[in-house]
Amino acid sequence: MNNILFVASECTPFIKTGGLADVVGSLPQALRQYEKQEVRVILPLYDEMDEEWKDQLEYLCSFDVQLGWRTQEAHLFTLTYNKIIYYFISNDYYFTRKGIYGYYDDGERFVFFSHAVIESLKYIDYKPQILHGHDWQTGIAIALANILQPIKNMKTIFTIHNIKYQGVMPLDIYEDFFRMGREHISGLEWDGMLNCLKSALFHADKITTVSPSYADEIKDPYYSEGLHPMLLNRADDLVGVINGIDTREYNPSSDPSIFMNYRSARSKKRENRMHLQQQIGLSYKEESPLYVIITRLVEQKGLHLVQHILDEFLNQDIQFIVLGTGEKEFEGYFADIAYRYPEKAAALLTFDEGLARQLYASADFFLMPSKFEPCGLSQLIALQYKTVPIVRETGGLKDTIHPYNELTGDGNGFSFTNYNAHDLLNVLNYSLEIFNNPSEWQQLLKNVNKSQFSWKESAHQYVTIYESLSPELVYG
Ligand code: ADP
């Protein structure tokens, strides 16, 4: 049996703030079809996790974690879900808090987690040949795996889900966090700071990111958040693999959270919409298409463009709903829009998985004009629910959504290239034109119905990477 241990800070169904959790939850399941290997997953145990899961935890052991000159305790728990074994590391001081990120000491919390992951390898009855870390929270685990070699010949992979978040701290905490010689500082440091993401880029045997376009983009200063020299340096070991989604999990014909299940029938989508709008108090307008946004309300998602043109677009015969939480500026803006257009718009400023699914099921169009987008899962989920994505051509959005072309009849959505509000408005107006042209609209929906992004091909690409790293891994 060949073993791959995923290390991550979030994972469905246990704890989620964004697409990272979806990937860490669904990729191990997709890899199960390859018989001769076993993927397990190790996560922090957050107080925030639902009781439903906490009740299933089995205690394994407790051990000390050396954080520089300090000793911290870690407790290791496990549970099995859908035939995958999950490990959870708990520490009251670091993880018994509300929410999962956003604290002044997030850097320290995940340096602790990384140390604890490496230490836990002594105690679990499972020896990974590959340690696969996801995002900055696990960067130090990848670095320590390389420096300390806790398991002979263990290889490491690091996946960048978003290069914007790097886990940056002042360098003078080095002695507080590490009991290693100062010769290791250069691998962990970037721009005079301790940088968790850079540490992984320096130490990982292989680096992946979540779409081929993003793999190219992050070598460029516009997208690299300062790390392009590192990525150019490691370009031979960097590869982009597009994320898949769990197509059984996101399936409108069986999803229990939506009002009426459907395969592709628009009439049933309408039923969902009627029900949802009744529930949230937005009057239903049969002839007006529904445009939705479901996202973290942060600048990355192109919301400044939306702010520039939404008033103008709302003059058209449409309805608009946003679901999201995040920066106050955007929450305030959308609340104001809903207030000023009570017949046309609603703002649901919350994080609610069930509501998100009802919106995917109800909408005609899904809007995602991101400034940058490593992969993006929401547009893929929208396609699953037969909702037409409107995106900016960047990262994974560019790799998955192809603009509708009236001449050839190809394309599964709408897109625009420049980060420009009026280009967005033009494409929104164009989408409305196509919506109001029955033959074009039917052709577009046919294409949308055929678009599927399951894990099948991407899981295979990961297997190829695992095999290249550890040739003794032989897959069934
Ligand atoms: P990111 O990882 O940058 O947040 P993705 O598109 O990759 O963006 O993934 C976002 C995931 O989070 C999707 O599953 C989306 O449906 C979900 N999501 C985003 N905002 C909300 C919300 N307010 N309520 C419920 N689910 C949300």
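Positions are given from 1, in the same order as the sequence printed here. Start at 1 and go down the list; that is how both ligands and their atoms are numbered. Source: prediction; values computed, not measured.
Residues passing the side-chain hydrogen bond (donor to acceptor under 3.5 Å, both in side chains) test with S264: none are found, sequence neighbours excluded.
Y404 and E440 share a side-chain donor-acceptor pair at under 3.5 Å.
By the 30° and 60° cut-offs, the orientation of the rings of F14 relative to Y86 is perpendicular. Ring geometry for Y250 versus Y385: interplanar angle over 60°, hence perpendicular rather than tilted (30 to 60°).
Sorted by chain then number, the residues whose non-hydrogen atoms approach ligand 1 to under 4.0 Å are K16, G18, G19, D22, Y250, I294, T295, R296, K301, L323, G324, T350, F351, D352, E353, A356, Y360, M368, G376, L377, S378, I381.
For Y165 and W136, the ring centers are positioned 6.0 Å apart or more.
For D205 and K155, the salt-bridge test fails: no basic side-chain N is under 4.0 Å from an acidic carboxylate O.
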